[in-house]
Amino acid sequence: MLMPKKTKYRKQQRGRRRGKAHRGATLSFGEYGLQALEPCWLTARQLEAGRIVITRHTKRKGKLWIRAFPWKPITKKPTEVRMGKGKGDPEYWVDVIKPGKIIYELEGVSESIAKEAMRLAAHKLSMRTRFISRESRELK
């Protein structure tokens, strides 16, 4: 699973998921991409599941970039524990995704293969997404 090697603080507050993505909203590396259309917390497990599906479908041809990284710790208290006694221990890691953020980029494969791979990866994510390509971005 993806997680930071080192963090300044072990625990973080939840924060807000308002606004649109200012950074990471355009294709930078690949020809095709998967773009988020709504805000969410994307877990390391979901990212990895999407990566596995894309690499399997493309038969490890082409190059894949993962543009999201789970840097935020989510804490959880154990079950059947009384209230109080502080915040729980970090349970898993998430990336805060805002609308417009590119999650995966892909190049070196045909558009039909890329589209199907991104469709399969989108089923692993907990938000609405859309497939984009450089040609479609230039036309709009």
Side-chain angles (χ1 to χ4, degrees):
M1 291 299 128
L2 286 172
M3 64 168 34
K5 286 189 182 103
K6 190 175 133 188
T7 56
K8 192 166 185 181
Y9 299 106
R10 266 182 74 226
K11 299 171 184 178
Q12 256 186 37
Q13 292 188 334
R14 288 177 181 269
R16 293 192 177 183
R17 290 182 282 191
R18 297 177 0 172
K20 292 181 179 158
H22 297 292
R23 294 186 174 166
T26 58
L27 287 173
S28 300
F29 306 104
E31 261 327 284
Y32 311 106
L34 190 67
Q35 187 177 42
L37 294 178
E38 56 189 24
C40 80
W41 280 349
L42 192 60
T43 68
R45 286 177 181 273
Q46 290 170 337
L47 262 176
E48 182 66 9
R51 182 195 67 81
I52 289 168
V53 164
I54 291 171
T55 52
R56 276 206 187 129
H57 187 75
T58 58
K59 298 184 173 78
R60 295 192 297 142
K61 302 273 191 303
K63 173 97 173 100
L64 174 70
W65 288 271
I66 301 173
R67 297 280 306 275
F69 183 80
W71 51 269
K72 183 185 188 71
I74 302 300
T75 60
K76 195 172 181 192
K77 290 176 79 78
T79 53
E80 298 180 10
V81 171
R82 291 184 180 183
M83 298 291 285
K85 306 283 189 281
K87 194 173 167 110
D89 292 325
E91 191 77 13
Y92 57 97
W93 297 83
V94 299
D95 187 10
V96 178
I97 301 292
K98 292 186 175 182
K101 169 107 171 153
I102 307 284
I103 299 158
Y104 300 107
E105 287 191 35
L106 189 60
E107 82 171 1
V109 294
S110 68
E111 184 168 1
S112 60
I113 290 174
K115 198 168 197 169
E116 180 62 17
M118 294 297 183
R119 187 189 70 79
L120 293 169
H123 285 297
K124 304 291 182 185
L125 308 179
S126 58
M127 67 193 145
R128 288 186 309 115
T129 58
R130 72 173 174 181
F131 175 80
I132 60 169
S133 64
R134 275 197 200 279
E135 291 84 36
S136 66
R137 297 307 279 161
E138 288 170 3
L139 293 174
K140 288 182 183 177

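Numbers here are sequence positions counted from 1.
If you run side-chain contact (heavy atoms from CB on, under 4.5 Å) between Lys61 and each of Val109, Leu106, Thr55, only Val109 comes through.
Using a 4.5 Å heavy-atom threshold, the side chains of Leu42 and Lys101 count as separate. Counting only heavy atoms from C-beta outward, the side chains of Val96 and Trp71 approach each other to under 4.5 Å. With a 4.5 Å cut-off on side-chain heavy atoms, Lys72 and Trp41 count as touching. The side-chain heavy atoms of Pro4 and Phe69, taken from C-beta on, include a pair separated by under 4.5 Å. At a threshold of 4.5 Å between non-hydrogen side-chain atoms, the residues Lys20 and Lys98 do not count as touching.
Legend: side-chain hydrogen bond (donor to acceptor under 3.5 Å, both in side chains) pairs involving residues 112-123, not counting sequence neighbours, sorted by first then second residue: Ser110-Ser112, Glu116-Arg119, Arg119-His123.
Cluster partners of Trp65 are Phe29, counting Ile, Leu, Val, Met, Phe, Trp and Tyr whose side-chain heavy atoms approach within less than 4.5 Å, directly or via other members. Through side-chain heavy atoms spaced under 4.5 Å, either directly or across other Ile, Leu, Val, Met, Phe, Trp or Tyr residues, Trp93 is tied to Met3. Val53 belongs to a hydrophobic cluster whose remaining members, ordered by chain and number, are Leu120; membership requires side-chain heavy atoms of ILVMFWY residues under 4.5 Å apart, directly or through intermediates.
In this structure, the ring-ring contact (aromatic ring centres under 6.0 Å, His included) partners of Tyr32, at least two apart in sequence or on a different chain, are Phe131. Taking the side-chain contact (heavy atoms from CB on, under 4.5 Å) definition, one finds that Arg10 meets it with Asp89, Pro90, sequence neighbours left out.
Checked by atom type and distance alone, the side chain of Gln35 pairs as donor or acceptor with a backbone atom of Gly100 at under 3.5 Å. Tyr104 places no side-chain N or O within 3.5 Å of a backbone atom of Ala68 that could act as its donor or acceptor partner.
Hydrophobic clustering (side-chain heavy atoms under 4.5 Å, transitive across Ile, Leu, Val, Met, Phe, Trp, Tyr) groups Leu2 together with Leu34.
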task: Test side-chain contact (heavy atoms from CB on, under 4.5 Å) on Glu91 and Ile74 and set out the steps.
output: CA-CA 6 Å; Glu91 191 77 13; Ile74 302 300; 5.6 Å; no
- request: For side-chain contact (heavy atoms from CB on, under 4.5 Å), just list the numbers for Leu37 and Met127, CA-CA rounded to whole Å, side-chain angles, deciding distance to a tenth of an Å, and then say yes or no.
  value: CA-CA 7 Å; Leu37 294 178; Met127 67 193 145; over 6 Å; no
